[in-house]
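Indexing begins at 1, ligand by ligand and atom by atom, following the structure's order.
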Amino acid sequence: MKSAPPPQEARRTDGVWITLADGRRLIDGTASWWTACHGYNHPHIRTAVEAQLGAMPHIMLGGLVHASVLVLARRLAGVLPGDLDHVFFSESGSVSVEIAMKMALQFWINQGESARRRFVSFSNAYHGDTFAAMSVCDPEEGMHAMFRGVLPEQLVLDLPDSPNGARALELALARHAPELAALIVEPLVQAAGGMKFHSPDVLASVVELARRHGLLVIFDEIATGFGRTGTMFACEQAGIVPDIITLSKALTGGTLPLAATVARRHVFERFLSDDPDKELMHGPTFAGNPLGCAAANASLDLFAREPRLEQVAAIEARLADGLADLRGCRGVSDVRVKGAIGVVELDRQPDLDQLRMRFVEEGVWVRPFRNVVYLMPAFVIAEAELDELIRAVGTVVSEVG
Ligand code: PLP
């Protein structure tokens, strides 16, 4: 608060454009932390939310239910792979991770295996800011290093990038298996922990090892879900159906806070009992908020009727082409693209406030973190708008070098 420059005041958003209070207009390269996949203020989502607002903005889900949440649960089960068909709604990504972790722990407790209480996660992981979610973030790079000793100690390992790495992972899993409940990973793209990519093969090998040692597999698709990596869900590219998946961000097309933790049938069945103690004890006040569900249903309509995945493929090609020249540029250590994600990694952390201001001067909203400058625009971005973002990244990055 003391040293940060005051934030820019946004007045209006439309498509990929943000209008500031002083009248300047910026092309958004981040889709508001990767949520606004259809662009801002989409008329179809707005109309659906307005209709829901007129009928019932909110109702508690304890003992009551409503059509929007029932439809959404069914539709999510329909678009998710395999038998991921039991949906638990909450209101933020971090909370959906808390619920996934609680679900995994209780999955074991409900069958008398209460020793399985730790989690495996990975370096560069970011799963949220609440306490259980913080414990599975990268302990150094995950923004929460000061809480070491307070957070539960999880087994944080490296994603294998060689046969030696795979052997190290296998040894660690074999040694700790009896105390491990689940493995949690952001499939294909570790986002807020550094925009690091791994291949579907690496993901498949990690999951195979986890399953060999009896662990549940949780995929955190809060950032990757809903088309961002080129398929509706990143897990599809590795042909894996995780036991539990978490979704948020683009779930409502970036209009309202909503999240979901979705479990496979065999997980659900461990909670289905005449014994009330077997029930999952979690009840967020705003679980399944009707406005959020109406927005999410409208967002799924758009995925069904608009060529979103083709748009992501076109963005991927243009980012790969447009950012390629930065490879080898002074100060740039890596350039990588996956789906609608373009990353320019710098060899050191620049002055982030200054960089952000330079981007505003260039007419774009790009928000670098650590040593990473990235673009994750709305899928509806026009070619000329994307070219403008790429141009601005090229200009500003070449000044840093
Ligand atoms: N998991 C992943 C992969 C994320 O990228 C994020 C947020 O960036 C979260 C969890 C936390 O979500 P939220 O900020 O909605 O709590």
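Pairs engaging residues 76-89 under the side chain to side chain donor-acceptor pair (under 3.5 Å) rule: Asp83-Arg264, Asp85-Arg265 [sequence neighbours left out].
The closest donor-acceptor contact from the side chain of Arg116 to the backbone of Leu180 lies under 3.5 Å. Thr261 places a side-chain N or O within donor-acceptor distance of the main-chain N or O of Ser96, the cut-off being under 3.5 Å.
With sequence neighbours excluded, the residues satisfying side-chain contact (heavy atoms from CB on, under 4.5 Å) with Glu50 are Arg46. Partners of Ala166 according to the side-chain contact (heavy atoms from CB on, under 4.5 Å) rule, which considers only residues two or more places apart in sequence or in another chain, are Pro160.
For the pair Arg308 and Phe379, the cation does not sit on the ring face, since its NZ or CZ is not both under 6.0 Å from the ring centre and inside 45° of the axis.
At a 4.0 Å heavy-atom cut-off, the residues surrounding ligand 1 are Trp34, Ser92, Gly93, Ser94, Tyr126, His127, Gly128, Glu186, Asp220, Ile222, Ala223, Lys249, listed by chain and number.
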